[in-house]
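Please read the structure below before turning to the comments.
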Amino acid sequence: MSHKENTAEVESSNMTGTEDPTNDEMLVQTDVSDGLSASTSVSETTNAETIIRADDINVWYGDEQALQNISMEIPENSVTAMIGPSGCGKSTFLRCINRMNDLIDVARVEGELTLRGKNVYDDDVDPVALRRRVGMVFQKPNPFPKSIYENVVYGLKIQGIEGDYDEIVEESLKRAALWDEVKDRLHESGLDLSGGQQQRLCIARAIATDPEVLLMDEPASALDPVATSQIEDLVEELAEDYTVVIVTHNMQQAARISDKTAVFLTGGELVEFDDTQKIFENPESQRVEDYITGKFG
Amino acid sequence: MATQSDTDQIQGFGQVSRTTGVIFRYLLMGATMFGIVTLAILLVYVANDAIQPLTADAGWYLVFFVTFVAPTTLVGAYLYRTNVDALKLGLLVVGMLAVTLMFSGGVAIVFVDIVPPLVSLSYAIGLLVPFAAVVLMTKYEDAIPFTARVAATGAIFFLSLFGIPGYYHSIPEMVQKIPVVPTEWVIITLVFGGVVAVVVGQYFARIRENTRAGVVAGVAALAATGAAAVSGMFTGVNPTALAVVAAGAFVPTAAYAGGAALTREEERIGLLLAAVVIGGSLVGAGIVDVLGFAGPQSWVDWQFLTSSHSGTAENAGLYPAIGGSILLMVTVAALSFPLGVGAAVYLEEYAPDNVFTRFIDVNISNLAGVPSVVYGLLGLGVFVTYLGQPTGTVLIGGATLALLILPIVIISSREAIRSVPQDMRQASYGMGATRWQTVKNVVLPEAFPGILTGTILALGRAIGETAPLIMIGAPNVLFNLPTELSSKVSAMPLQVYAWSSLFASEDFYTKAVPAGVVVLLAVLLAMNSVAIVLRNKFESES
Ligand SMILES: Nc1ncnc2c1ncn2[C@@H]1O[C@H](COP(=O)(O)OP(=O)(O)OP(=O)(O)O)[C@@H](O)[C@H]1O
Ligand SMILES: [Mg+2]
């Protein structure tokens, strides 16, 4: 189990290469059915701000390159937004973090991506164990065709997490701002909810297992303004306990809720990554400014 | 002038193309209707031979017209105009009664003549005990390693079913040795009727949200089964068979109708149709009996269904073939379902997309089109010649037919699995589920109705196959029901074939053969209607 020292140079000038304590064992799991509980594995990192570090990530779908030399550092307990034109690889990058790309036959990932210092692409990392620590909410609401209650406890059951399920369900639904609307019909199908409610149910499902990182791929793209602002409030609230990485096409949304913003541009390159305020007020690159002001993209 | 000739031309063209279109349309319609009409004529012809409707008295027709046809038509037309959903409910109840009667009749044959209730019960217990142990073990699945669990599962099942010869009896043996054995119908009433009663009780407890209602319904269901069995002792009908039919057909249908009456206020008027159909036919039968009007001299009658082959067409029957077909279907289902679904899950969820899997893919599609004679040859070659099994047994026949429908089961199961949205799998994997957990918790539950529909349709194909059975040496004439997997087996299509070839005579052609065909088609129709109802239910839910 060797953790390669991270000495590679980072492209972006505004990145400070902080070294974080290694935490190798956490992802390594030989028998999944042992039921690694994500909630027990939050480490007491005090000095390290960075939780996810991407280092020279390249992704190909067959012969087509979707991401080029992406390097960035995502700080803990914050909201990091990914913006950029359609097809520039935002979802692809998100899927690199929890290795959902493994499920796509033609996808190939090169480079290093560390979660708390452990490269998730090391051979001894079980992607299933990784996904138990990195929750995901998808662009399209995708509740299971089961009851609302069963949807929320799904992760607990498959991960073998024990506890008072009723309480966890109530708490997760409350955090996802859905409890009041569904508390009287927990045993009705999750598919009978409206689109916005379904998306909040998916968020409740993702946070029920208490992951360390929450990836959200355009969670509000199919929702009306009211539901969208509910989700935005929720994201800001979640950032107190979780690290949230969110993809969005909505500039105002990124500006409102995120601490850091990454701008991808066509061809799969990361053009700029900085504090959100800086990106929106005083971007380094002309292309980013053009994109943000709507001149192109 | 110019305008005039222009419109002329346009009209002319329009006329020509319209004629072509009309001709083409009717040609296509003719092509569509040709097959259907030909088949319909053939079926009417066969049914006429088998049932001989014209031999009935005019009085018989009159009585049934008054008690059955007229009220049914009136109620049906009224419902059709006012409340189509209610009509559907009524038809569903009538259909459910017909189909469950047919299937529980089959189950009754099994209990009465193939596997005695005590033996079935002993094996049921022998399977239930280890199953309970395994379920218990999954509770502690974290504490016991996977391989140990697999080994323990195998050992428990083996010990329970086979025991250790000389040292320790298997559970079925122990059950069969119990000194005080209740009579067969008591066993059936308590076990089969008991299970049905529990299900009915839970159903009513749920819809009434009241445990007492459930208990009352359950006790009533059990009492009804017992009463049916006891009535058999006075009327001379086999009480075991009556208990099975009551528990398998009357009680479930009544429970469904009762549940609908309680919960579906809008549609419960439709139950009137069921009442008119059932009541009308009973009343009609009673009046005809009292007045002495003779019904049609149908060749499909009780005697035909319950006796075996005979030298004269009038006395010939289908009973051993019906029993054989039932046993074959059970064997085929038990073999092809797990194999087919397993292969489908592997190919859809696990197999990588490479040359090898594509090769398998193409070949499964090809295998689905291989003539059944070839499968018969395969069965003969593999099981009889190579493995040295005796010819024509239930096991060999079932295995050969299972091979025959395996590609169809695989293809339809894959279809069902593929129709589970990719989103669902992503959601599950995203939560940190393993592949197996995703398959078990998300994919299979969603795909199950589709898999079941496909399997039933495939079984329908197997039940009508003759050639493979001839190839593996199934006997043409059998006078007793097969009682074990290693007994010789006949089947309905094989018996019909034997009547029309070996015993070819005017008599068999016009009496036994049509009757056999009608029974076979009725069974097929019942199976397909179950599949269609399942599919519609599934589609309207999603
Ligand atoms: N499963 C796949 N197979 C092949 N190519 C893919 C696959 N998924 C994405 N791509 C390609 O990779 C590139 C990046 O896609 P990605 O989905 O990451 O873009 P995106 O930034 O999320 O776009 P959007 O904003 O429209 O969601 C695109 O050119 C796309 O065609
Ligand atoms: Mg995307």
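Chain letters run A, B, ... following the sequence lines, proteins first and then strands; every chain starts at 1.
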Taking all non-hydrogen atoms of both residues into account, name the closest pair between R132(A) and M431(B) and its distance.
CG-O, 4.2 Å

Could you pull out the closest heavy-atom pair between P143(A) and M424(B), with the gap in Å?
O-CE, 3.4 Å

Does D164(A) have more than 12 heavy atoms from other residues, nucleotides or ligands lying within 6.0 Å of its CG?
yes

Could you check whether any side-chain heavy atom of S428(B) comes within less than 4.5 Å of a side-chain heavy atom of F144(A), counting everything from C-beta outward?
yes

Are more than 12 heavy atoms, taken from residues, nucleotides or ligands other than R208(B), located less than 6.0 Å from that residue's CZ atom?
no

Hey, could you give me the CD1/CH2 distance between I158(A) and W436(B), rounded to the nearest 0.5 Å?
14.0 Å

So, the part of K157(A) with a heavy atom under 4.5 Å from chain B: the answer is neither

Does the side chain of D423(B) come within less than 4.5 Å of F138(A)'s, by heavy atoms?
no

Within the side chain of Q437(B), is there an N or O that forms a donor-acceptor pair under 3.5 Å with the backbone of Q159(A)?
no

Please flag which part of R205(A) lies under 4.5 Å from any non-hydrogen atom of chain B: side chain, backbone, both or neither.
both

Proximity breakdown for R425(B) and chain A, heavy-atom pairs closer than 4.5 Å
neither

Nearest heavy-atom neighbours spanning T438(B) and Y154(A)
CA-OH, 4.3 Å

If you count heavy atoms of other groups shown closer than 6.0 angstrom to OH of Y350(B), is the number above 12?
yes

Could you tell me which portion of V134(A) (side chain, backbone, both or neither) has an atom closer than 4.5 angstrom to a non-hydrogen atom of chain B?
backbone

Please report the shortest heavy-atom distance between G432(B) and V128(A), naming the atom on each side.
O-CG1, 3.3 Å

